[in-house]
Amino acid sequence: MRVVIVFDMEGTSHIGDLREPFPVYREYWHSGRQKLANDLAAVARGLIDGGATRLMLLNHHGGGEAEWPNALHDALPAGIELADDWGKRAMRERADAMFQVGAHARGGSPSFLSHTILPGMRLRHEGELLSESHWWAWTGDVPVLGIVGSEELGVDLGTDGGSLADVPFLAVQRSTDRMAARPVFGSPAETAEAIRAFATSAIARGANRPTSTPRGPVRLEGSLQNGVAAAAQLADAGWIQMSDTEFAIESPSWRDPDERIDSAIYAISDAAMEVYAAWVTGLDPTSEETATAFPNRDLFDREIRIWAADSTPDWFTPEIAARVWEGREPGS
């Protein structure tokens with residue numbers, strides 16, 4: 001079985017400090033990446049134990065940009081291929097199944113660094129608030145063998161018969177709040193053993209697992225705190241404005257040939273990014289030296305802490321956006 005390992009970083013088992021997932025901090029270089037590598041290596045070994053014939057690694061952290069050196073490839077089992085040159089839509093042609101690692105809770109969750117793609121935006125389908133795990137699974141359109149990540153994501157996915165409720169899930173991180181988390185298992189060795197066993201079991205049970213991608217007509221809803229400013233940009237991508245902050249788009253299917261849903265998600269995330277662009281403008285994350293010398297490092301540190309300390313809403317209504325924007329000081 002050909003398996004693609006899609007990974008993020010905020011839901012890594014032993015990451016619990018908000019500095020560890022971001023290259024502007026030395027903690028990213030000296031502990032965060034190694035902790036992610038430990039989880040990835042345990043998953044890879046478990047999948048190999050379970051019979052995987054080919055493993056591919058798809059970076060999602062930092063928007064999936066290849067310049068973010070999140071994975072320590074030398075710490076992973078030999079033979080894992082990098083998938084930096086193809087995205088989620090190509091997964092159907094390249095892989096038989098997906099396994100998610102380092103996954104975190106959706107935007108609005110009161111948990112460690114929770115968000116859906118970016119601050120300031122939310123996605124919803126048939127009343128279900130979406131996480132990035134939904135986005136990866138539905139656009140990839142291959143069976144999801146298992147998910148390893150934050151306990152709070154697992155709770156969300158299993159609530160009220162959610163669309164990914166039947167996907168095997170292993171909680172490896174437990175949030176203290178949006179600024180901190182702690183591991184579920186007592187030591188890195190215990191965590192690695194649990195992840196490896198979970199991955200082996202998941203692939204053994206996943207041979208006939210169906211995909212979870214919505215079939216038939218799709219109505220995707222989005223909310224964006226800066227919706228008034230972004231309305232024209234979103235209209236060009238097919239979004240219909242429902243209020244100052246709420247939008248909807250319809251498509252024959254999630255993966256229609258015109259890539260209508262994909263384009264709409266990228267458009268709304270691009271619009272959300274405009275509020276937070278100063279966080280990363282000018283960042284060169286390719287090395288510790290260049291990343292930690294980021295000219296706006298102090299701004300990034302202040303803003304990320306304000307955001308992580310914030311109590312964020314499940315959905316941006318016009319009333320909420322009129323009072324305060326997520327992670328931004330009033331008047332900023």
- Task: Answer yes when Arg196 and Asp39 have at least one side-chain N-carboxylate O distance shorter than 4.0 Å, and no when they do not.
- Result: no

- Item | Within one Ile-Leu-Val-Met-Phe-Trp-Tyr cluster: Leu283 and Met273, side-chain cutoff 4.5 Å | yes

- Between His104 and Glu152, do the side chains contain an N or O donor and an N or O acceptor separated by less than 3.5 Å? no

- Query: Is Glu193 salt-bridged to Arg45, going by a charged N under 4.0 Å from an acidic O?
  - Reply: no

- Side chains of Ser223 and Glu246: is there a donor and an acceptor less than 3.5 Å apart? no

- Nearest heavy-atom approach of Phe99 to Ala202 is CE1-CB, 4.1 Å

- Query: Can Asp314 and Arg122 be counted as an ion pair, charged N to O under 4.0 angstrom?
  - Reply: no

- Item | Under-4.0 Å salt bridge between Asp258 and Arg260 | no

- Message: Tell me whether Trp29 shares a hydrophobic cluster with Trp68, the cluster being built from Ile, Leu, Val, Met, Phe, Trp, Tyr side chains joined at under 4.5 Å.
- Response: yes

- Task: Using distance alone, with no hydrogens and no angle criterion, decide if Glu326 and Trp307 have a side-chain donor and acceptor under 3.5 Å apart.
- Result: yes

- Any side-chain donor near an acceptor of the partner, His30 and Glu288, under 3.5 Å: yes

- Query: Are Gln100 and His60 close enough that a side-chain donor and a side-chain acceptor fall under 3.5 Å?
  - Reply: no

- Are any side-chain N or O atoms of Trp138 and backbone N or O atoms of Trp254, one a donor and one an acceptor, separated by less than 3.5 Å? no

- Item | N-O pairing of Asp301 and Arg305 below 4.0 Å | yes

- Message: With a 4.5 Å cut-off on side-chain heavy-atom distances among I, L, V, M, F, W and Y, is there a chain of contacts connecting Trp315 to Leu123?
- Response: no

- Message: Whether Asp310 and Arg178 form a salt bridge (side-chain N of Lys/Arg under 4.0 Å from carboxylate O of Asp/Glu) is what I want to check.
- Response: no

- Would Thr12 and Gln173 count as having a side-chain donor-acceptor pair, cut-off 3.5 Å? no

